[in-house]
Protein chains: 2
Amino acid sequence: MNRREQIFQTSIKLMKNKGYVGTSMRDIASGMSIEAASLYNHIKGKEDILTDNCFELANKFIDSLNTILKSDEKPLDKLHTFISNHVNILVGNMDAAHVFLYEWKHLSEPHYSKFLSMRDEYEQGLRRILKDDESNNNFENSSYKMVVISVLSSLNAIEQWYKPDGEIKVEELCNILSKILINGIKEL
Amino acid sequence: MNRREQIFQTSIKLMKNKGYVGTSMRDIASGMSIEAASLYNHIKGKEDILTDNCFELANKFIDSLNTILKSDEKPLDKLHTFISNHVNILVGNMDAAHVFLYEWKHLSEPHYSKFLSMRDEYEQGLRRILKDDESNNNFENSSYKMVVISVLSSLNAIEQWYKPDGEIKVEELCNILSKILINGIKEL
DNA sequence: GTATAACTAACAAACGTTAGTATGTAATTG
DNA sequence: CAATTACATACTAACGTTTGTTAGTTATAC
């Protein structure tokens, strides 16, 4: 593996526990058993780590969304695919996902604004998918924001408890979450 | 209002935007138009702010839970009360809730462990309420953790979008969220 | 005259980062 | 094949700032 990749991976693990600001370059260096100054042979600065991580994941989510929107699946199937893709991206990048979800606010401009607009694009995409599904086209308009964020929050919460090596397989995870979200907890 | 309370309120607002570590004592002081050293006439140190904030809210949640558990409501009503109480605590403390939700990891021992155990107690309480509700007693055991965290995540997400002065009233908010969670998004 | 609440000045430590240098290994050249 | 160049990776030392905090002092109010 690239040395730069190793630095990213080490950093992300540390930042998951202590946050972006709370993780110093010396912490990262120490995690790799080198000196802080040595890191600068491979990255331009601390913010590289956060920026790269956030946009790598953001791009994965947006790519997934665009594929779904362009597909000719039926609306309800699109929703299932959306959930499945979202879960798989999270599960495939557990540490990175945590930093992505909770540390993006420390991005500096213009990255900060760019990130927010991508997040908005993603939320609007989910909104589009929900609206196209006629089985629930009786939402009030003011409810959509709520529904979209509720769904995304439940999905993103996976990162807090899911153990990739545990007994629950990813497909199973997607199925249960789809049921919970679409049919409610009473139908599980 | 107490000067100490003013400091807390100013700090929490700043920490919501820049995080606990990213907010310096000088930032806080500047927000109150005084010098950093003056803060120490009213608080013992920076961590006071985080600790007090986190446990003030944690206690509110635990108190709410215990009241519900001791009540003689029917299980489904208990769930509704749980949701309603949770939402009301969040909405009544929007800024504080954000710091509570996302900055608690910077607590130092023994506060960190205490906080985690209180969070666990709260999650177990919701689990108890869900289990007592016979209308969904067909959960698999491994699903409870998922359901509990999904529900709490959806509720906590309120803090990200809800405007207390907007058009959606709190009661309405509780009703819609209850429906989404219990009956799923297809039934809204 | 005792609190309350502010100030200035300073502290040691930690921060991100730069400069300059050493070392080994791979690639290029005579 | 041997000599030389280039690159990757690490180092020590230091920089200017910012950090949380303490000490000691001053002004206002009941």
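All chains are named by letter (A, B, ...) in the order of the sequence lines, taking the proteins before the strands, and each is independently numbered beginning at 1.
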>> Looking at A:Y20, I'd like to know if the NZ or CZ of A:K46 sits under 6.0 Å from its six-membered ring centre while staying within 45 degrees of the ring's axis.
In response: yes

> Which whole-number value in Å describes the distance from B:M32 CE to C:dC7 P?
Replying inline: 11 Å

>> Does a side-chain N or O of B:R26 approach OP1 or OP2 of D:dT21 to a distance below 4.0 Å, or not?
In response: no

> Can you check whether B:H80 reaches B:E73 side chain to side chain, under 4.5 Å on heavy atoms?
Replying inline: no

>> So, OP1 or OP2 of D:dT9: does either fall under 4.0 Å of a side-chain N or O from A:H42?
In response: yes

> B:E47 has an atom CD; how far is it from atom P of D:dG20, in whole Å?
Replying inline: 12 Å

> With distance as the sole test, does B:N59 use its side chain to make a donor-acceptor pair with the main-chain N or O of B:F55 at under 3.5 Å?
Replying inline: yes

> B:E5 CD to C:dA5 C1': how many Å, rounded?
Replying inline: 17 Å

> For B:L39 and C:dA5, what is the distance between atoms CG and C1' respectively, to the nearest whole Å?
Replying inline: 11 Å

> Rounding to a whole Å, what distance do you find between A:E35:CD and C:dT21:P?
Replying inline: 19 Å

> Between A:T23 and B:I34, which has a closest nucleotide on DNA chain C that is more 5'?
Replying inline: B:I34

> Quick one: which of C:dT18, D:dT22, D:dG20 gets closest to the side chain of B:K46?
Replying inline: D:dG20

>> Do the side chains of A:D27 and A:K18 get close enough for a salt bridge, i.e. N-O under 4.0 angstrom?
In response: yes

>> Can you tell whether the side chains of B:E167 and A:K145 come within less than 4.0 Å, N to carboxylate O?
In response: no

>> Can you tell me which nucleotide in C:dG16, D:dT21, C:dA6 comes closest to the side chain of A:S24?
In response: C:dG16

> Just how far, in rounded Å, is P of C:dT17 from CG of A:D27?
Replying inline: 14 Å

>> Within the 4.0 Å heavy-atom criterion, would you say A:S38 contacts the bases, only the backbone, or no part of the nucleic acid?
In response: base

>> In this structure, how many angstroms lie between the P atom of C:dG16 and the CG atom of A:D48, rounded?
In response: 14 Å

> Within this structure, what is the CD1-to-C1' distance between A:I28 and C:dA14, rounded to whole angstrom?
Replying inline: 14 Å

>> Please pick, from C:dG16, D:dC11, C:dA6, the nucleotide with the shortest atom-to-atom distance to any side-chain atom of B:R3.
In response: C:dA6

>> Judged by each residue's nearest nucleotide on DNA chain D, which is more toward the 5′ side, B:M25 or B:N41?
In response: B:M25

